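Residues take their numbers from the sequence shown, with the count starting at 1. Given the structure is predicted, the values throughout are model-derived calculations rather than measurements.
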Amino acid sequence: QVHVVESGGGLVQAGGSLRLSCAASGRTFSSYPMGWFRQAPGKEREFVAAIYWNGVNTYYADSVKGRFTISRDVAKNTVYLQMNSLKPEDTAVYYCAAAYTINSSNYYYTTSYAYWGQGTQVTVSS
């Protein structure tokens, strides 16, 4: 069982930066792949980024590649999403999630993730 809580959302101007944090509980946190998803009003939840248990293998959506960076600190049981060069279209509720396992074929599916946080709002003004 893994419990995750997101923080760090807020209002930022276009071109600005934010860093989201995802604090996870559970003794085996280090073995769970972690992902970030987002959901804008009226749209489906979409994949943003994921990081494998080793902290080395990462995946990104094309829309955020080069602007967002996912990382994890196993000692702090925390996953981060550094978001730079933010755009108004990045406005959404951002969710952190933990998976039992992911691979190159399923990391972007919401159904691949077993545990979800409540989300944190990110608003980018133009």
Are the side chains of [X] and [Y] in touch, meaning some heavy atoms are under 4.5 Å apart?
| X | Y | answer |
| --- | --- | --- |
| Y100 | Y113 | no |
| C96 | M34 | yes |
| N103 | T101 | no |

Spell out, as yes or no, whether a donor-acceptor pair under 3.5 Å connects the side chain of [X] to the backbone of [Y].
| X | Y | answer |
| --- | --- | --- |
| S112 | T110 | no |
| E6 | Q118 | yes |
| Y60 | I70 | yes |
| T123 | T91 | no |
| T120 | G9 | yes |
| Q82 | T69 | no |

Euclidean distance, [Y] [atom2] relative to [X] [atom1], rounded to 0.5 Å:
| X | Y | atom1 | atom2 | value |
| --- | --- | --- | --- | --- |
| W116 | F37 | CH2 | CZ | 4.5 Å |
| T58 | R72 | OG1 | CZ | 12.0 Å |
| S21 | K76 | OG | NZ | 9.5 Å |
| Y52 | Y107 | OH | OH | 14.0 Å |
| R38 | L20 | CZ | CG | 11.0 Å |

Taking every non-hydrogen atom, the tightest pair across [X] and [Y]:
| X | Y | value |
| --- | --- | --- |
| W36 | C22 | CZ2-CB, 3.6 Å |
| A23 | T78 | CA-OG1, 4.3 Å |
| S126 | P88 | CB-CG, 3.8 Å |

Does V48 form a side-chain contact (heavy atoms from CB on, under 4.5 Å) with L81? I'd like the steps, not just the answer. CA-CA 9 Å; V48 175; L81 185 68; 4.1 Å; yes
I would like to know whether V122 and L18 meet side-chain contact (heavy atoms from CB on, under 4.5 Å); could you show each step before the answer? CA-CA 9 Å; V122 171; L18 280 176; 3.9 Å; yes
Given Q39 and Y95, is the side-chain contact (heavy atoms from CB on, under 4.5 Å) satisfied, shown in steps? CA-CA 8 Å; Q39 188 166 18; Y95 297 91; 4.1 Å; yes
When you check the gap from the basic side-chain N to the acidic O, do K87 and D90 get nearer than 4.0 Å? no
Quiz question: by atom type and distance under 3.5 Å, do the side chains of S17 and N84 form a donor-acceptor pair?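 There is such a pair between these side chains.
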Is it true that the side chains of R19 and Y80 contain a donor and an acceptor less than 3.5 Å apart? no
Geometric class of the Y108/F47 ring pair [parallel <30°, tilted 30-60°, perpendicular >60°]: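 Judged by the thresholds at 30° and 60°, the geometry between F47 and Y108 is perpendicular.
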